[in-house]
Amino acid sequence: MNRYPARVPHPAPPRVLVAGGTGFIGRHAVAALRDAGAAPIVGSRSEAGERVQTGPLTDDCARRVLRFEDLCRAPRWLPLLEGVDVVLNCVGILRPRGRASYARVHHAAVAALAAACAQRGIRLVHVSALGLEAPARSGFLRSKRLGEQAVMASGADWWIARPALLDGDGGFGSRWIRRVADWGVHPVPADARGLLAPLDVRDLASALARLCLAPPAHPADAHARVYELGGTNQRRMDEHLLAMRDPTLEPRARPIAVPAWITRLASHACDLLRATPFSYGHLELLRRDNLPCPNRIVELLGRVPRPVARGLCTAHAAVPPPRTSRLAPRG
């Protein structure tokens with residue numbers, strides 16, 4: 001049963017602080033919130049950063065400067081939450097840089113934000129990731145898991161979204177996947193046997209807006225507050241590359257299985273050089289099924305999500321009956 005009936009009208013547009021509002025997910029979330037009648041406030045690292053266009057012409061959202069590495073205590077958040085009804089946290093870093101470490105950005109700052117939201121009685125919608133329940137050696141995955149645990153323990157009106165692999169305009173990873181998809185050969189880790197459920201970022205943004213603006217609800221079961229979200233197609237990475245290939249290109253690309261030890265070295269090199277979106281954390285996720293379990297995207301959208309495919313390789317986008325994730329189901 002859908003726990004979220006249609007949004008009731010508010011006397012004034014709800015003010016939603018979108019942390020990471022100039023990022024890939026955040027930009028689309030700002031647009032979706034504006035379309036849903038909210039008043040988004042864009043939280044970003046700098047007032048001089050990229051401007052976010054949300055209206056038909058040149059009107060801009062209100063902005064607040066949020067540097068997560070400096071916001072690791074709840075009192076630092078309190079003035080930033082003035083006049084805010086909901087916080088949507090879309091902040092995440094692929095790799096640490098300077099003081100912006102995994103521990104600060106993904107864990108300490110998120111814990112402080114959740115505690116501040118609990119003090120102020122503000123709803124917090126936290127964007128996390130799939131695959132955090134399985135054992136992981138990656139600092140990225142471990143810090144994201146600790147951030148989730150801090151949100152759940154905060155006492156705030158919290159909701160967690162765990163999106164699958166995302167595709168869409170403006171995504172660093174999306175651009176690289178499309179670029180590699182157009183190569184004549186597709187290098188794929190030999191141990192990347194897990195299934196993915198790619199999701200269009202616009203559908204994720206619409207789902208996040210629904211979580212932000214839905215009427216208050218406090219299910220007794222904490223698992224009901226966690227939304228794992230993905231597309232309806234399940235693919236391995238080699239199949240996803242074929243689906244994202246420009247259909248005008250010939251001949252058909254040939255997948256190449258890269259030995260596991262080489263891909264592991266390559267992932268660490270990419271982390272060190274910051275060369276591509278490929279990282280050791282991504283490699284860990286590719287080794288197992290990374291599927292929403294259950295997939296609650298239709299529950300939020302009220303419809304089937306958009307297909308994620310660039311060209312005519314629909315054979316690779318067609319889905320057999322859903323396969324159960326190797327991750328243990330919740331509950």
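We use all heavy atoms of the structure for the numbers below, so side chains are in, but hydrogens, waters and symmetry mates are not.
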From CG (Asp203) to NE2 (His28), nearest 0.5 Å: 11.0 Å
Flag side-chain contact, heavy atom, 4.5 Å: Val16 against Asp85: no
Aromatic centroids of His282 and Phe278 separated by under 6.0 Å: no
Value rounded to 0.5 Å, distance of CH2 in Trp77 from CG in Leu71: 5.0 Å
Worked verdict on Val42 versus Val30 for side-chain contact (heavy atoms from CB on, under 4.5 Å): CA-CA 8 Å; Val42 176; Val30 166; 4.0 Å; yes
Backbone of Pro198 reached by a side-chain donor or acceptor of Arg235 within 3.5 Å: no
Rounded distance [0.5 Å steps], NE2 in His268 versus OG in Ser279: 10.0 Å
Ring-face cation of Arg179 near Trp176 (centre distance under 6.0 Å, axis angle within 45°): yes
CD-OG distance between Gln149 and Ser154, expressed to the nearest 0.5 angstrom: 12.5 Å
Heavy-atom side-chain contact between Val201 and Leu199 under 4.5 Å: no
Arg76 atom CZ, over 12 foreign heavy atoms within 6.0 Å: no
Connected via hydrophobic side-chain network under 4.5 Å: Val127 and Leu146: no
side-chain contact (heavy atoms from CB on, under 4.5 Å) between Met244 and Val308, worked out: CA-CA 8 Å; Met244 301 310 296; Val308 175; 3.9 Å; yes
Atom CG of Asp70 with >12 non-hydrogen neighbours under 6.0 angstrom: yes
Over all atoms of both residues, closest heavy-atom pair of Pro13 and Ala38: CB-C, 4.2 Å
Evaluation steps, side-chain contact (heavy atoms from CB on, under 4.5 Å), between Asn89 and Leu17: CA-CA 8 Å; Asn89 179 30; Leu17 174 61; over 6 Å; no
Any donor-acceptor N/O pair, Arg64 side chain to Gly43 backbone, under 3.5 Å: no
Within 6.0 Å of CZ in Arg175, more than 12 heavy atoms from elsewhere: yes
Beyond-backbone contact of Arg287 with Arg193, side-chain heavy atoms, under 4.5 angstrom: no
Steps toward salt bridge (charged side-chain N to carboxylate O under 4.0 Å, His left out) verdict (Asp191, Arg264): CA-CA 10 Å; Asp191 55 350; Arg264 178 164 182 172; over 6 Å; no
is_close_aromatic(Phe140, His106), centroid dist under 6.0 Å: yes
Atom pair CZ/CG of Arg123 and Leu211 - distance to nearest 0.5 Å: 7.5 Å
Residue pair Ala100 / Glu69: nearest heavy atoms and the distance that separates them: CA-CB, 3.9 Å
Exceeds 12 heavy-atom contacts within 6.0 angstrom, atom CZ of Arg254: no
Joint hydrophobic cluster, Leu66 plus Val84, side-chain heavy atoms closer than 4.5 Å: yes
Minimum heavy-atom distance Ala260-Ala190, with the two atoms named: N-CB, 4.5 Å
Glu228 side chain vs Cys293 backbone, donor-acceptor pair below 3.5 Å: yes
Donor-acceptor pair, side chain of Asp289 and main chain of Gly194, under 3.5 angstrom: no
Test item: Cys90 and Leu88 side chains (from C-beta on) under 4.5 Å apart, heavy atoms: yes
Minimum side-chain heavy-atom gap Ile256-Val188 below 4.5 Å: no
Co-membership, hydrophobic cluster, residues Trp183 and Ile262, 4.5 Å side-chain: no
Salt-bridge present (Arg296, Glu299; N to O < 4.0 Å): yes
4.5 Å side-chain heavy-atom contact, His240 and Ile177: yes
hydrophobic_cluster_shared for Leu78 and Val87, side chain cutoff 4.5 Å: no
Sidechain N-carboxylate O distance under 4.0 Å for Arg310, Asp182: yes
Pairwise side-chain contact, Pro187 with Val180, heavy-atom cut-off 4.5 Å (strictly under): yes
Exam field: side chain Arg202 to backbone Ala32, donor-acceptor pair closer than 3.5 Å: no
Side-chain donor/acceptor of Tyr102 to backbone N/O of Ile93, under 3.5 Å: no
Sidechain N-carboxylate O distance under 4.0 Å for Arg162, Glu148: yes
Under 3.5 Å: donor-acceptor pair, side chain of Arg288, backbone of Gly131: yes
Heavy-atom closest pair, residues Leu130 and Leu285: O-CD2, 3.9 Å
Whether Asp157 side chain and Gly121 backbone form a donor-acceptor pair below 3.5 Å: no
Common cluster, Val298/Leu204, ILVMFWY with side-chain heavy-atom separation under 4.5 Å: yes
Ile160 and Ser128, any side-chain heavy atoms less than 4.5 Å apart: yes
NZ or CZ of Arg225 within 45° of Trp158 ring axis and under 6.0 Å: yes
Euclidean distance, Leu301 CG relative to Arg303 CZ, rounded to 0.5 Å: 4.5 Å
Heavy-atom donor-acceptor pair, Thr232 side chain to Val304 backbone, under 3.5 Å: no
Arg27 and Thr22 side chains, donor-acceptor separation under 3.5 Å: no
Least distance between heavy atoms, Ala161 atom then Leu229 atom: CB-CD1, 4.2 Å
Salt bridge present between Arg15 and Glu82 (N-O < 4.0 angstrom): no
Donor-acceptor pair, side chain of Arg210 and main chain of Leu300, under 3.5 angstrom: yes
Full working for side-chain contact (heavy atoms from CB on, under 4.5 Å) between Leu242 and His186: CA-CA 9 Å; Leu242 287 173; His186 289 167; 3.9 Å; yes
Aromatic plane relationship, Tyr227 with Trp159 - under 30° parallel, 30 to 60° tilted, over 60° perpendicular: tilted
